[in-house]
Amino acid sequence: MLFQGNQSSRPHFILLGFSEYPRLQVPLFFFFLSIYTVTVVGNLGMIIIIKINSKLHTIMYFFLSHLSFIDFCFSTVVTPKLLENLVVEDRNISFYGCIMQFSFICIFGVAETYMLAVMAYDRFVAVCNPLLYTVVMSRKLCALLVAGSYMWGIVCSLTLTYFLLGLSYCESSIINNFICDHSVIVSVSCSDPYISQMLCFITAVFNEVSTLMIILVSYVFIFITVMKIPSASGRQKTFSTCASHLTAISIFHGTILFIYCAPNLKTSWLLVKMACMFYAVMIPMLNPLIYSLRNKDVKDTLKKLVATKLPCHPYFS
């Protein structure tokens with residue numbers, strides 16, 4: 001029996017996840033639990049550090065705090081369900097649960113894409129127009145850029161979700177993944193998903209091309225400006241302020257391009273799962289590590305915070 005988009009009854013899906021490797025279920029559970037723990041501590045810790053250190057009350061760290069919030073939410077939408085499926089035999093997920101997971105994945109995925117572009121523009125203004133930086137990057141503009149990233153993510157999510165709800169689905173469908181992505185949802189549809197697929201493709205291409213153009217143009221001008229700096233130490237110092245952001249961009253967009261452009265990816269479900277795992281689980285953990293390990297102010301604040309909360313016992317002093 002098929003369920004149309006306008007009917008009240010809905011099917012349920014079965015997330016296979018990594019069930020084809022039964023001996024690895026427990027090791028994978030502890031592996032992903034460790035990653036999720038680091039992700040939560042890292043991103044929430046970054047937000048707290050930025051809040052308590054007055055030196056970090058700058059525009060760059062304002063954007064970074066929102067990036068950490070997005071990564072935390074992204075991981076929380078995906079990882080708990082993944083952990084549950086690794087320890088229970090019942091891997092069912094309700095239709096609305098699957099659709100809701102996709103909706104939030106879309107919101108935070110799109111928001112992160114544009115947040116990284118906003119941070120690239122911020123670096124461009126800081127390096128190429130330092131005297132006008134505080135004028136150009138006003139509080140109002142920064143708030144609008146952040147709000148726009150979230151709002152566009154919500155618009156994309158609502159649009160794609162609406163068309164997914166209009167499809168027909170079988171009573172019970174098996175999803176050969178651990179995540180309710182758009183591609184795997186339409187793959188178990190019993191009706192023609194052409195319009196939904198085309199809309200998703202157009203949205204993904206638009207978001208990827210527009211943000212990459214902003215990033216590439218920003219860094220081309222940054223590179224030109226830096227190369228005009230006479231001293232080698234000055235060039236190195238300026239480049240170092242962009243190194244963490246460039247690393248995060250390379251990992252994030254490199255993974256997205258691999259997912260969409262790898263020629264044999266769609267024929268290998270293992271590659272699909274690994275790419276989704278890196279995109280949805282690993283990247284939210286890596287971003288706070290990338291920004292904290294290369295930042296002296298963040299590391300100093302973290303050391304002071306640890307020293308305050310965990311003072312040495314007199315016996316050991």
Side-chain angles (χ1 to χ4, degrees), residues 1-17 70 73-74 77-78 81 92-115 117 148-214 252-253 255-269 271-273 275-277 279-280:
M1 178 180 179
L2 301 184
F3 290 83
Q4 299 297 327
N6 59 356
Q7 289 183 345
S8 58
S9 55
R10 285 294 182 180
H12 67 275
F13 297 143
I14 301 173
L15 290 172
L16 290 184
I70 291 170
C73 293
F74 200 149
V77 170
V78 175
K81 186 62 180 178
N92 288 336
I93 182 172
S94 68
F95 174 81
Y96 288 113
C98 194
I99 291 294
M100 186 173 293
Q101 187 188 61
F102 163 73
S103 298
F104 283 111
I105 288 172
C106 186
I107 290 172
F108 296 119
V110 172
E112 178 155 1
T113 304
Y114 280 90
M115 195 64 66
S149 299
Y150 288 115
M151 289 304 299
W152 181 241
I154 292 172
V155 170
C156 292
S157 175
L158 290 177
T159 304
L160 295 177
T161 300
Y162 173 80
F163 281 91
L164 284 178
L165 290 172
L167 299 177
S168 302
Y169 299 90
C170 299
E171 184 176 356
S172 179
S173 300
I174 296 176
I175 294 179
N176 192 11
N177 207 328
F178 65 89
I179 187 174
C180 289
D181 195 11
H182 185 277
S183 60
V184 297
I185 295 177
V186 298
S187 69
V188 298
S189 169
C190 298
S191 57
D192 185 7
Y194 176 76
I195 296 178
S196 183
Q197 287 176 318
M198 283 302 300
L199 185 62
C200 181
F201 175 77
I202 293 171
T203 303
V205 170
F206 173 79
N207 290 337
E208 190 67 11
V209 171
S210 61
T211 53
L212 279 178
M213 285 298 296
I214 294 171
F252 183 81
H253 285 282
T255 304
I256 293 177
L257 292 175
F258 175 78
I259 291 174
Y260 284 102
C261 299
N264 298 320
L265 189 61
K266 295 186 183 300
T267 62
S268 173
W269 280 108
L271 278 178
V272 171
K273 292 178 186 179
C276 289
M277 183 269 291
Y279 172 71

TODO: Taking all non-hydrogen atoms of both residues into account, name the closest pair between Pro193 and Leu167 and its distance.
DONE: CA-CD2, 4.0 Å
Open item on the list: If you compare all heavy atoms of Glu208 against all heavy atoms of Ile256, which two are closest, and at what distance to 0.1 Å?
Closed with: OE1-CG2, 3.6 Å
All N/O donor-acceptor pairs, side-chain side in residues 194-201, below 3.5 Å, sequence neighbours left out:
unit_1 : atom_1 : unit_2 : atom_2 : d
Ser196 : OG     : His182 : NE2    : 3.0

Task: Phe108 CZ to Thr113 OG1 distance, which is reported to the nearest 0.5 Å - done: 13.0 Å
TODO: Taking the side chain as every heavy atom from C-beta outward, state whether Tyr114 and Ile214 have any pair of such atoms under 4.5 Å apart.
DONE: no
Task: Ile99 vs Leu164 side-chain heavy atoms within contact, under 4.5 Å - done: yes
Open item on the list: Would the distance check show the side chain of Ser189 and the main-chain N or O of Ser168 forming a donor-acceptor pair, the cut-off being under 3.5 Å?
Closed with: yes
Open item on the list: Go through it in stages, so that I can follow the logic: the residues are Cys98 and Cys180, the test is disulfide (SG to SG under 2.5 Å), and I'd like the CA-CA distance, side-chain angles, deciding distance and then a yes or no.
Closed with: CA-CA 6 Å; Cys98 194; Cys180 289; 2.0 Å; yes
Open item on the list: What's the separation between atom CG in Leu212 and atom CG in Asn207, rounded to the nearest 0.5 Å?
Closed with: 10.5 Å
Task: Where Tyr150 and Ala111 come nearest, the two heavy atoms and their spacing - done: CD2-CB, 4.2 Å
Open item on the list: For Tyr279 and Phe252, take the angle between the two ring planes, folded into 0 to 90°, and tell me which bin it lands in: parallel under 30, tilted 30 to 60, perpendicular over 60.
Closed with: tilted
Task: Spacing of CD1 belonging to Ile105 relative to CG belonging to Leu160, to within rounding of 0.5 Å - done: 12.5 Å
TODO: Measure the OH-SG distance between Tyr169 and Cys190 for me, rounded to the nearest 0.5 Å.
DONE: 9.5 Å
- [ ] Locate the shortest heavy-atom distance separating Cys156 from Cys106; write the atom from each residue and the value.
- [x] C-SG, 3.9 Å
Task: Within-4.5 Å side-chain heavy-atom neighbours: Lys273 and Asn176 - done: yes
Open item on the list: I'd like to know if the side chain of Ser187 and the backbone of Val184 have a donor-acceptor N/O pair within less than 3.5 Å.
Closed with: yes
Task: Expected output: side-chain Ser210 to main-chain Phe206 donor-acceptor under 3.5 Å - done: yes
Open item on the list: Once ring pair (Phe, Tyr, Trp, His ring centres under 6.0 Å) is applied, do any residues pair with His253, and if so which ones, sequence neighbours excluded?
Closed with: none
TODO: Step through the shown structure and confirm whether more than 12 heavy atoms of other residues, nucleotides or ligands are within 6.0 Å of CZ on Phe104.
DONE: no
Task: Point-to-point distance, once rounded to the nearest 0.5 Å, from CG of Leu158 to CD1 of Ile107 - done: 6.5 Å
TODO: Work out which heavy atom in Gln101 is nearest to a heavy atom in Val78; give both atom names and the distance.
DONE: NE2-CA, 4.0 Å
Task: Distance in Å, Ile93 CD1 paired with Phe178 CZ, rounded so as to fall on 0.5 Å steps - done: 12.5 Å
Task: Side-chain heavy-atom pair Leu165, Phe95 within 4.5 angstrom cut-off - done: yes
